[in-house]
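Below, each value reflects all heavy atoms present in this structure, side chains not excepted, and no hydrogens, waters or symmetry copies. If you're wondering where the values come from, they're calculated on a predicted model, not measured in any experiment.
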Amino acid sequence: MASKTDFTADEWDSLHIGVTGAGMLVSLSDRDLSDSFGESTAMAKYMAGQATAGPTQLIREIAAVHGTGFGMTASPEKVRAKTMEALASSIAALSAKAPDEVDPYRALVLGIAGAVAEAKGGVTPVETSMIEEIRKAIGAG
């Protein structure tokens, strides 16, 4: 069973940033200040739930990390670039070190993206498009 200690600090950061960045990308894809609060709450609730009830120890450890890994002034372009890089690095690290964790990680990433998209008023076409982009980045077809 994999855990945080199986990964370097950079790999661990990528695992965390990939997840939180996916949620942020969906939120940023359909910007509406009134939705941002509900989407942030949805992210926090989803991660808290996975921290206690995630399917593997590694997923629970990733979900328990606080913060997003992005500064308050990070531009949407920086969030996108850093997230996509983190997702690619995460899948590569997991494939090499803990292949049994690849699918649970993909589910965590898509779960947070879905939770954010559904947070306020239903999923919009632009959010669906962003989720598809995230899905491709993690090799989830």
Side-chain angles (χ1 to χ4, degrees), residues 2-141:
S3 70
K4 179 179 180 177
T5 59
D6 296 316
F7 298 91
T8 67
D10 286 343
E11 290 168 337
W12 186 253
D13 287 345
S14 289
L15 289 166
H16 176 247
I17 288 170
V19 174
T20 58
M24 290 181 68
L25 281 178
V26 172
S27 181
L28 291 170
S29 71
D30 190 17
R31 293 194 218 184
D32 181 335
L33 184 59
S34 65
D35 289 352
S36 296
F37 298 109
E39 291 167 344
S40 295
T41 300
M43 278 181 62
K45 284 183 179 181
Y46 183 81
M47 292 296 273
Q50 291 297 302
T52 59
T56 69
Q57 178 64 33
L58 182 65
I59 296 304
R60 290 188 295 274
E61 289 177 359
I62 294 168
V65 176
H66 294 285
T68 63
F70 298 95
M72 290 294 292
T73 59
S75 69
E77 294 79 19
K78 182 175 182 176
V79 171
R80 180 188 204 100
K82 194 171 177 182
T83 299
M84 292 303 177
E85 179 184 317
L87 290 171
S89 296
S90 295
I91 295 300
L94 289 168
S95 295
K97 293 183 172 185
D100 291 347
E101 296 287 349
V102 172
D103 286 339
Y105 182 78
R106 285 178 176 141
L108 180 68
V109 169
L110 294 174
I112 197 167
V116 170
E118 293 174 9
K120 298 291 274 181
V123 182
T124 67
V126 72
E127 289 169 332
T128 299
S129 177
M130 181 53 64
I131 292 169
E132 283 305 310
E133 204 171 311
I134 292 166
R135 185 181 300 279
K136 288 178 188 171
I138 59 173

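- A donor-acceptor pair under 3.5 Å is formed between the side chain of Ser29 and the backbone N or O of Val26.
- Across all their heavy atoms, Gly18 and Ala86 have their closest contact at N-CB, 3.7 Å.
- Remark: Ile59 CD1 to Leu108 CG distance equals 5.0 Å, nearest 0.5 Å.
- Considering every non-hydrogen atom in both Val116 and Gly23, the closest pair reads CG1-O, 3.6 Å.
- With hydrogens and angles disregarded, a donor-acceptor distance shorter than 3.5 Å links the side chain of Thr83 to the backbone of Val79.
- Between Ala51 and Ala63, the shortest heavy-atom contact is N-CB, 3.5 Å.
- Atom CD1 of residue Ile134 and atom CE of residue Met84 lie 5.5 Å apart, to the nearest 0.5 angstrom.
- Residues Arg60 and Thr52 fail the side-chain proximity criterion, which asks for heavy atoms closer than 4.5 Å.
- The line from CD of Glu127 to OG1 of Thr124 is 3.5 Å long, rounded to the nearest 0.5 Å.
- Inter-residue side-chain proximity for Glu39 and Met24 is flagged as unmet; no heavy-atom pair is nearer than 4.5 Å.
- Here CG of Leu25 is found 8.0 Å from CD of Glu133. Values are rounded to the nearest 0.5 Å.
- The number of heavy atoms from other shown groups lying within 6.0 Å of NZ (Lys82) is above 12.
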Please walk me through it: do Met47 and Thr20 pass side chain to side chain contact (heavy atoms under 4.5 Å, CB included)? CA-CA 9 Å; Met47 292 296 273; Thr20 58; 4.3 Å; yes
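- Applying the salt bridge (charged side-chain N to carboxylate O under 4.0 Å, His left out) test to pairs two or more places apart or on separate chains, those with a residue in residues 96-111 are Glu11-Lys97, Asp103-Arg106.
- Ser90 places a side-chain N or O within donor-acceptor distance of the main-chain N or O of Ser14, the cut-off being under 3.5 Å.
- When all heavy atoms of Ala117 and Ile131 are compared, the pair lying nearest together is CB-CD1, 3.9 Å.
- How far OH of Tyr105 is from CG of Leu15: 5.0 Å, rounded to the nearest 0.5 Å.
- Without hydrogens or angle criteria, Glu61 side chain to Lys4 main chain gives a donor-acceptor distance under 3.5 Å.
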Run the side chain to side chain contact (heavy atoms under 4.5 Å, CB included) test on Leu58 and Phe7 for me, step by step, so that the C-alpha distance in whole Å, both residues' side-chain angles and the decisive distance to 0.1 Å come before the verdict. CA-CA 10 Å; Leu58 182 65; Phe7 298 91; 3.9 Å; yes
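- At a threshold of 4.0 Å, the pair Arg135-Glu132 counts as salt-bridged, since one of the basic side-chain nitrogens sits closer than that to a carboxylate oxygen.
- A pairwise comparison of heavy atoms in Thr68 and Ile17 identifies O-CG1, 4.1 Å as the closest pair.
- Rounding to the nearest 0.5 Å gives a distance of 8.0 Å between OG of Ser3 and CH2 of Trp12.
- Of the possible donor and acceptor atoms, one in the side chain of His16 sits under 3.5 Å from a partner among the backbone N and O of Gly67.
- The nearest pair of heavy atoms linking Ala42 to Ala115 is CB-O, 3.7 Å.
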